[in-house]
*Asks:* 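Below is the structure I would like to discuss, written out as structure tokens.
This one's a predicted model, so the numbers in the text were calculated from it and none came from an experiment.
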Amino acid sequence: MLVAITREVSPAIGDCELTHLERSSIDVEVARDQHDAYTTALAGLGCRIEQLPAEPDLPDSVFVEDVAVVLDEVAIITRPGAESRRGERPTIEQALLPYRPLEHIEAPATIDGGDVLVAGREVWIGLTSRSDHHAIKQFRRAVTRYGYRVHAAEVTGCLHLKSAVTAVDAETLLVDPTRVDVDQFSGRRCLTIDPSEPGAANVVRVSDAVIAAAAYPRTAQCLVDTGYEVHTVDASELARAEGALTCCSLLFEDHGT
Ligand code: CIR
């Protein structure tokens, strides 16, 4: 069974980190409603939701993806690039402990889970303001024994690698070619987003379906036309915190069920 670890929206989300966005006020209630719709979509696709309580002192803590990368064999606890986010780790570690052995990225390395794209046994890690070469080295050391190959990926103009590319199935990536060079992903089929929809590359793959943001209808239609089952959710308020869809969950198989 698929598990989705999520966390309620913090009442302090208005104090979130911002890198490429101007600050605008965030309506916490609207953000919570959107987050509820997101978890409902995950549950509707068969995920068991494990929702952690809100963290009033950790504004970005709804974006659980950045704190861990869960592979079939092991979970890597990251060292987030923003210092304000490092306190998010202990509760995520606790939540993952029943499911996977844990490895930790250690200082001075920094890495956000949003920069880690896993497709089969290939792992691409974006070199961004949040993730660095030290982390790539440590990550590679932790996962090579399981047969993963880890590559550094160049990405420009957005917060994370997965703002620019996500996997829609085992062989296929959805890519914004203005932010990442598609040639980095040779061997994969690459679908491109609609050029009028920057941000559309971040979708969540759940089994054979995809959850996409309602803000990007053209790209969603393109996925439908290509044969994907697409569910859309409105994540516009969470987007004001520079969060996308993948960042609101840690999705993995519970091998015990
Ligand atoms: C941050 O800057 O860390 C948060 N405001 C947004 C994090 C979004 N995470 C993600 O896309 N993986």
Side-chain angles (χ1 to χ4, degrees), residues 13-14 16-27 30-31 34-35 37-38 41 60 62-66 80-82 85 111-119 124-131 151-169 172-186 188-206 209-226 228 230-249:
I13 190 169
C16 63
E17 297 282 341
L18 290 174
T19 307
H20 294 273
L21 270 190
E22 290 291 319
R23 195 168 295 280
S24 62
S25 83
I26 299 177
D27 185 321
V30 174
Q34 291 181 352
H35 189 256
Y38 172 82
D60 280 308
V62 66
F63 302 125
V64 291
E65 170 186 64
D66 292 322
R85 301 202 54 191
I111 182 168
D112 284 3
D115 275 320
V116 183
L117 172 67
V118 181
W124 288 274
I125 301 182
L127 284 167
T128 64
S129 60
R130 299 291 175 86
S131 304
H151 319 274
E154 301 292 336
V155 52
T156 50
C158 53
L159 182 59
H160 288 130
L161 177 64
K162 277 189 283 189
S163 320
V165 51
T166 55
V168 285
D169 63 36
T172 313
L173 304 176
L174 178 63
V175 182
D176 177 347
T178 68
R179 292 173 167 177
V180 283
D181 181 357
V182 174
D183 292 345
Q184 296 177 101
F185 309 112
S186 60
R188 304 275 149 178
R189 177 167 78 135
C190 287
L191 305 174
T192 52
I193 62 162
D194 188 280
S196 67
E197 297 183 336
N202 188 277
V203 297
V204 183
R205 172 191 172 203
V206 188
V210 167
I211 303 178
Y216 310 116
R218 292 186 170 138
T219 302
Q221 188 57 49
C222 167
L223 290 173
V224 170
D225 294 344
T226 313
Y228 291 94
V230 179
H231 300 256
T232 52
V233 294
D234 181 1
S236 51
E237 209 64 18
L238 295 162
R240 290 178 193 275
E242 216 169 343
L245 293 180
T246 58
C247 51
C248 294
S249 57

*Asks:* The test is side chain to side chain contact (heavy atoms under 4.5 Å, CB included); show your working for Asp27 and Arg240 and say whether it passes.
*Replies:* CA-CA 10 Å; Asp27 185 321; Arg240 290 178 193 275; over 6 Å; no
*Asks:* For a quick test of reading the model, state the closest non-hydrogen atom pair linking Leu173 to Ala119 and the distance between them.
*Replies:*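 In terms of heavy atoms, the two residues are closest at CD2-CB, 4.4 Å.
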*Asks:* State the OG-CG distance between Ser186 and Asp181, to the nearest 0.5 angstrom.
*Replies:*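 With rounding to 0.5 Å, OG (Ser186) is 10.0 Å from CG (Asp181).
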*Asks:* Roughly how far, to the nearest 0.5 Å, is CG of Leu127 from OG1 of Thr156?
*Replies:*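 Answer for the OG1-CG pair, Thr156 versus Leu127, is 12.0 Å.
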*Asks:* In sequence, state the C-alpha distance, the side-chain angles, and the governing distance for Thr166 and Arg205, and then conclude on side chain to side chain contact (heavy atoms under 4.5 Å, CB included).
*Replies:* CA-CA 8 Å; Thr166 55; Arg205 172 191 172 203; over 6 Å; no
*Asks:* So does Val175 get a backbone contact from the side chain of Thr192, meaning a donor-acceptor N/O pair under 3.5 Å?
*Replies:*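 Judged by distance alone, no pair lies under 3.5 Å.
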*Asks:* Would you call Asp66 and Arg85 a salt bridge, using N to O less than 4.0 angstrom?
*Replies:*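 Yes, Asp66 and Arg85 are salt-bridged.
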*Asks:* Is the closest side-chain donor-acceptor distance between Asn202 and Thr246 under 3.5 Å?
*Replies:*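 Yes, Thr246 and Asn202 have a side-chain donor paired with an acceptor closer than 3.5 Å.
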*Asks:* Looking at every heavy atom in both Val230 and Ala212, which two are closest together, and how far apart are they?
*Replies:*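 Result for this residue pair: CG1-CB, 4.0 Å.
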*Asks:* Does the side chain to side chain contact (heavy atoms under 4.5 Å, CB included) test come out yes or no for Val165 and Phe185, once each step is laid out?
*Replies:* CA-CA 10 Å; Val165 51; Phe185 309 112; 3.9 Å; yes
*Asks:* Hydrogens and angles aside, do Ser196 and Arg218 bring a side-chain donor and acceptor to less than 3.5 Å of each other?
*Replies:*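 Yes.
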*Asks:* Asp169 and Arg189: which non-hydrogen atoms are nearest, and at how many Å?
*Replies:*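 What the structure gives for the nearest pair is OD2-NH2, 4.2 Å.
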*Asks:* Would you say the side-chain atoms of Asp60 pair up with the backbone N or O of Cys16, donor to acceptor, closer than 3.5 Å?
*Replies:*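 Looks like no, no N/O pair under 3.5 Å.
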*Asks:* One pair to check against side chain to side chain contact (heavy atoms under 4.5 Å, CB included): Tyr38 and Leu245. What are the steps and the verdict?
*Replies:* CA-CA 8 Å; Tyr38 172 82; Leu245 293 180; 4.1 Å; yes
*Asks:* First locate atom OG of Ser129, then atom CG of Asp112, and finally report the distance between them rounded to the nearest 0.5 Å.
*Replies:*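 Reported value, rounded in 0.5 Å steps: 8.0 Å.
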*Asks:* Quick check against the 3.5 Å criterion: does Ser163 have a side-chain atom that pairs as donor or acceptor with the backbone of His160?
*Replies:*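 Pair found, side chain donor or acceptor close to backbone of His160.
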*Asks:* Looking at side-chain heavy atoms only, is the closest gap between Tyr228 and Leu191 below 4.5 Å?
*Replies:*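 Sidechains of Leu191 and Tyr228: in contact.
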*Asks:* For Arg130 and Gly113, indicate whether the former's side chain and the latter's backbone hold a donor-acceptor pair under 3.5 Å.
*Replies:*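 No, Arg130 side chain to Gly113 backbone: no donor-acceptor pair under 3.5 Å.
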*Asks:* Atom CD1 of Ile125 and atom CD1 of Ile111: how far apart are they, to the nearest 0.5 Å?
*Replies:*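 Those atoms lie 4.0 Å apart.
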*Asks:* Heavy atoms only: give me the nearest Ala167-Leu117 pair and the separation to one decimal.
*Replies:*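 Nearest heavy atoms, Ala167 then Leu117: N-CD1, 3.8 Å.
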*Asks:* Is any side-chain heavy atom of Ile193 closer than 4.5 Å to one of Tyr216?
*Replies:*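 Counting from C-beta outward, Tyr216 and Ile193 never come under 4.5 Å.
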*Asks:* Do any N or O atoms from the side chain of Glu197 and from the backbone of Thr219 form a donor-acceptor pair under 3.5 angstrom?
*Replies:*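 A pair under 3.5 Å: yes.
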*Asks:* If you measure from CZ on Arg179 to CD on Glu154, what distance do you get to the nearest 0.5 Å?
*Replies:*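 That separation rounds to 16.0 Å.
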*Asks:* Got more than 12 heavy atoms from elsewhere within 6.0 Å of CD, Gln221?
*Replies:*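 Counting other residues, nucleotides and ligands, CD of Gln221 exceeds 12 neighbours.
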*Asks:* Rounded to the nearest 0.5 Å, what separation is found between the CD atom of Glu65 and the SG atom of Cys248?
*Replies:*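 Glu65 CD to Cys248 SG: 8.5 Å, rounded to 0.5 Å.
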*Asks:* What are the two closest non-hydrogen atoms of Ser236 and Gln34, and how far apart are they?
*Replies:*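 So the minimum-distance heavy-atom pair works out to OG-NE2, 3.0 Å.
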*Asks:* Which heavy atom of Phe63 sits nearest a heavy atom of Leu238, and at what distance?
*Replies:*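 Shortest heavy-atom separation between Phe63 and Leu238 comes out as CZ-O, 4.0 Å.
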*Asks:* Answer yes or no: is there a donor N or O on one side and an acceptor on the other, between the side chain of Asp115 and the main chain of Leu161, under 3.5 Å?
*Replies:*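 Between the backbone of Leu161 and the side chain of Asp115 there is a qualifying donor-acceptor contact (under 3.5 Å).
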